[in-house]
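Remarks on the structure that follows.
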Amino acid sequence: MASELTSSASEAPSPASSGPVVVFDQVSIHFDVKPVLQDVSFAVEHGETRIILGPAGGGKSVLMKLANGLIKPDGGRIRIFGQDITDMPERELFKLRAHIGMVFQESALFDSLSVEDNVAYRLHEEHIPEAEAHIRVVEALKFVELEQAIQKFPSELSGGMRRRVSIARAIISRPDLILYDSPTGGLDPITSTTIIELVMKQRDVGHTTSLLITHRLQDAFTLAMNRFNPDTGKMEPIPNKGVDEKTKFLVLNDGRVVFDGTTLELVTSTDPWLRDYLS
Ligand SMILES: Nc1ncnc2c1ncn2[C@@H]1O[C@H](COP(=O)(O)OP(=O)(O)OP(=O)(O)O)[C@@H](O)[C@H]1O
Ligand SMILES: [Mg+2]
């Protein structure tokens, strides 16, 4: 059942449950001479879904790689699960990443591996016994409604199906934090909505903290203004034009934070650049 995917059962010790899950404190990074992020500060609370918006090249993917410890900042500090990862050695980062699920910008599946082996990849790395791994793969594929594709190879799947596999792979380790980099990028509007519905299910059933980059404002507002109904298995509008209290926004432009706040604050902002960007 989907609900069984919600608790952390990784081999690695459980991360601290109090305090923010992600903290960026005046983080800066540049490649060559070009500053990519400058003095970026924000915090993501437990159970929060933080939607990251902004023009192409604004540093969104770089921010996500920093959050996963894949790259190091030139300045500032980054804390994940209350642990300072800024100078953390790779060995400890590896353990920490067992608690983080990542959906990459381009699905990033292994073409030579079946759907089952792609989804089980992390479990194989953790030497989980094959029989248990299989049960968990089926469970994760059920969550993304793709259990019939278990024997297929990535080349046999549509773009939307590949994205579902990539979400199944991210949730298989029952992560405490999920990083979604443009999970709907390159998909048509209808398929995008089915992916957003899965993200919402993980938010509302799994209560998993997440960062989500999207280029599609419609996806962002769908997430902010709907909720997952476990009885119907579908999303539905939050009554009285309400918004999800756990979903917040961060907008980056040219490497700087230009907005950090709630949905209501975003749509009522009078900042000329934001108004133009959102229109
Ligand atoms: N490894 C790298 N080496 C050099 N430059 C890089 C590297 N990674 C990112 N950059 C540069 O950093 C800037 C921000 O890139 P990033 O991928 O974070 O943008 P983005 O906001 O995710 O854009 P998009 O919306 O197109 O995905 C870009 O100018 C990019 O060329
Ligand atoms: Mg990107």
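For clarity, every value in this text was computed on a predicted model and none was experimentally measured. Atoms within each ligand, like the ligands themselves, are counted from 1 in listed order. Scope of the values below: all heavy atoms of this structure, side chains included, with no hydrogens, waters or symmetry mates.
- In this comparison of S61, S182, G255, the heavy atom closest to atom 22 (O) of ligand 1 sits on S61.
- Remark: ligand 1 and G58 share an N or O pair separated by less than 3.5 Å (distance only, no angle test).
- Taking atom 14 (C) of ligand 1 as the reference point, the nearest protein heavy-atom neighbour is G57 O, 3.4 Å.
- Of all the atoms in ligand 1, the ones that sit under 4.0 Å from a non-hydrogen atom of H215 are 24 (P), 25 (O), 27 (O).
- Side-chain atoms of D219 and T222 form no donor-acceptor pair, as typed in the model, at a separation below 3.5 Å.
- Judged purely by atom type and a 3.5 angstrom limit, T214 uses its side chain to pair as donor or acceptor with the backbone of R216.
- If you check the side chains of S173 and R122, you find a donor sitting under 3.5 Å from an acceptor.
- The aromatic ring centres of F259 and F42 sit 6.0 Å or more apart.
- Aromatic ring centroids of F110 and Y121 lie under 6.0 Å apart.
- Taking the ring centre of F143 as origin, the terminal cationic atom of K201 falls inside the region bounded by 6.0 Å and 45° from the ring axis.
- A continuous path of hydrophobic side-chain contacts links F31 to L37 [ILVMFWY only; heavy atoms under 4.5 Å].
- Q38 pairs in a side chain to side chain donor-acceptor pair (under 3.5 Å) with only one of the listed residues (R256, Q26, H30), which is R256.
- Protein heavy atom nearest atom 12 (O) of ligand 1, with residue, atom name and distance: V36 CG2, 3.2 Å.
- Summary of contacts: the protein heavy atom closest to atom 29 (O) of ligand 1 is K34 NZ, 3.2 Å.
- By the definition of a contact as any protein heavy atom under 4.0 Å away, atom 1 (N) of ligand 1 is in contact.
- Here's the thing with F31: none of its N/O atoms is less than 3.5 angstrom from an N/O atom of ligand 1.
- S28 and D74 share no side-chain donor-acceptor pair at under 3.5 Å.
- Taking only nitrogen or oxygen atoms, main chain and side chain alike, V62 reaches within less than 3.5 Å of ligand 1.
- Under the 4.0 Å distance rule, the nearest protein heavy atom to atom 7 (C) of ligand 1 falls inside the cut-off.
- Inclusion of A56 in the set of residues having an N or O under 3.5 Å from an N or O of ligand 1 is not warranted.
- The distance from the Mg ion (ligand 2) to the nearest N/O/S atom of S61 is under 2.8 Å.
- Shortest contact from atom 27 (O) of ligand 1 to any protein heavy atom: Q105 NE2, 3.0 Å.
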